[in-house]
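For ligands, and for the atoms within them, numbers begin at 1 and follow the listed sequence. The first residue of the sequence shown is numbered 1, and numbering continues consecutively from there. Scope of the values below: all heavy atoms of this structure, side chains included, with no hydrogens, waters or symmetry mates.
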Amino acid sequence: AGGIGGARFLKGLRLIDNLEISVIINNGDDINMHGLRICPDLDSVIYNLAGESDLVRGWGRKDETWVVQAQLAHYLGKEQWFNLGDKDYATHIYRTNLLNAGVALSEIVKLQCTKWGIDLNIMPATNDYVETQVQLVQGEAIHFQEWWVKHRAALPATGFKLLGAEKAKPAPEVLSAIEAADLIILPPSNPIVSIGMILQIPGIKAAIMKAKAPVVGVSPIIGGNPVLGMADKCLSALGLETSATSVAAQYGDLLDAWLIADSDNDQVSAITNLGIKCESAPLLMTDDQAAKEIAAKAIGMLR
Ligand code: FO1
C-alpha cells in the first residue's frame with residue numbers, strides 16, 4: 001500500500017471478519033527534514049486507521065495546529081514548503097529518536113500501532129533509507145516531495161527512481177508475509193510511486209511472483225482519472241495513459257485478477273486479453289462501508 005488510497009482501502013478491508021492482514025507500505029516518499037525522518041505513507045496509514053487523519057487535507061493529523069512551523073519560519077526567515085503540524089511533529093520526533101538509538105523502522109511502526117490500538121500487522125517495505133527521485137526533463141533529479149509538494153508536479157519529468165534501492169533489503173517480516181499469504185492484494189494506490197517503489201526493493205517482486213497466493217489488484221483509476229492523488233501525473237511522466245488497462249499492463253504478469261471501476265467497464269475485454277481476470281464494480285471509497293464492499297469484491301474474484 002501507499003498512503004491515502006491504501007489507507008482508505010484498509011479501513012474497509014479490516015471490517016471483513018476473520019482476516020489476518022499484513023500490510024507492506026511504501027517508504028519511497030520518506031524525507032529527512034529539520035533533522036527528522038518523515039514517513040508520509042506509513043503515517044497516513046497509521047493516522048487513518050487510528051481515526052486521527054485529516055480527511056479533507058488527505059495527509060497529516062486532524063485538528064492540527066501549526067505553532068512549531070510558524071516559529072521555524074520566524075527563525076529561518078522563510079515559509080516552509082513542506083508543512084508539518086505540531087501533532088505530526090511529535091510522531092517525527094518519536095520516530096527519529098528511536099532511529100537514532102538504533103531501533104529499526106519496522107519496530108518503531110509496531111510501537112506506533114500499539115500506541116494507536118491498531119491490530120493490523122503493518123510494516124515498511126524496507127528498514128533502509130530509500131527515497132523516490134524524480135528525473136526532470138530539464139536539470140537533475142529531485143526528491144519526490146519536492147516535485148509533488150513544492151512544484152505541484154508542474155515540472156516535466158521523465159521517470160522515477162528509488163534512490164538506495166540496490167542496497168535496500170526488505171524489512172524482516174516482508175518476505176515471510178508474502179510467502180505465507182493466502183491472497184495478495186494490490187490496493188488502489190499509486191502504481192508508480194507507491195506500489196511501483198515497493199516492487200523496486202530487491203526480492204519483493206520475486207517473492208510475489210513465487211508466492212502460492214494469487215494476486216488481485218484494485219484499480220486506482222475511475223473513469224480515466226485517479227481516484228485520489230496523482231497517478232495521472234506519474235503515469236503521464238512515463239508516457240503511459242491514465243486508464244485501468246494501462247495500470248493493469250504496468251503490473252503485467254504480477255496480476256491474476258484486476259477489479260476496475262464500473263465506469264471503466266468498456267475495458268474489461270482488453271484486460272481479459274492481457275490474461276488477467278477482470279470485473280468491474282463501483283470503486284469510489286466514499287466511506288468505510290463502501291471500501292469494505294470493494295475489498296470483499298476483490299477478495300471474491302479469486303475465491
Ligand atoms: N502534501 C502537500 O501537498 N503539502 C504538504 O505540505 C505536505 C506535507 C506533509 C507532511 C507530512 C506528511 O506525512 C505528508 C505531507 N504531505 C503534504 C503529503 C505528501 O506529500 C504526499 O501526498 C504523500 O507522500 C503521497 O502519498
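Atom 4 (N) of ligand 1 has its closest protein heavy atom at V149 CG1, 3.3 Å. When only non-hydrogen protein atoms are considered, atom 13 (O) of ligand 1 lies nearest to P40 CA, 3.3 Å. Nearest non-hydrogen protein atom to atom 19 (C) of ligand 1 is Q145 OE1, 3.6 Å. Nearest protein heavy-atom contact of atom 22 (O) of ligand 1 is W148 NE1, 3.9 Å. Of all protein heavy atoms, the one closest to atom 8 (C) of ligand 1 is N83 O, 3.2 Å. Nearest protein heavy-atom contact of atom 2 (C) of ligand 1 is W59 NE1, 3.4 Å. The protein atom (non-hydrogen) at minimum distance from atom 23 (C) of ligand 1 is D29 OD2, 3.4 Å.
We find the CD-CG distance between Q71 and L76 to be 11.0 Å, quoted to the nearest 0.5 Å. From M197, atom CE reaches atom CG of L163 across 11.0 Å, with rounding to the nearest 0.5 Å.
Heavy atoms of D43 found under 4.0 angstrom from ligand 1: none, in either backbone or side chain. With a heavy-atom cut-off of 4.0 Å, R152 touches ligand 1 through its side chain alone.
Between H92 and Y89, the ring planes lie perpendicular to each other; the angle is over 60°, past the 30° to 60° tilted range. Ring geometry for Y251 against W258 counts as perpendicular: the plane angle is over 60°, on a 0 to 90° scale with 30° as the lower cut.
Residue D88 has no N or O atom closer than 3.5 Å to an N or O atom of ligand 1.
Judged purely by distance below 3.5 Å, without hydrogens or angles, the side chains of T245 and Q267 pair a donor atom with an acceptor atom.
Remark: K212 NZ is packed, more than 12 non-hydrogen atoms of other residues, nucleotides or ligands lying under 6.0 Å away. The local environment of NZ in K169 is sparse, with at most 12 non-hydrogen atoms from other residues, nucleotides or ligands closer than 6.0 Å. Within a 6.0 Å radius of NZ in K11, other residues, nucleotides and ligands contribute more than 12 heavy atoms.
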- Message: With side-chain hydrogen bond (donor to acceptor under 3.5 Å, both in side chains) as the criterion, how do Y129 and N27 come out once you've worked through the C-alpha distance, each side chain's angles and the decisive distance to 0.1 Å?
- Response: CA-CA 8 Å; Y129 183 74; N27 19 19; over 6 Å; no
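Taking every non-hydrogen atom of W81 and a distance limit under 4.0 Å, the qualifying atoms of ligand 1 come out as 6 (O). Within ligand 1, the atoms closer than 4.0 Å to a non-hydrogen atom of L84 are 10 (C), 11 (C), numbered from 1 in the order shown.
Within the structure, ligand 1 has D41 among the residues with a heavy atom less than 4.0 angstrom away.
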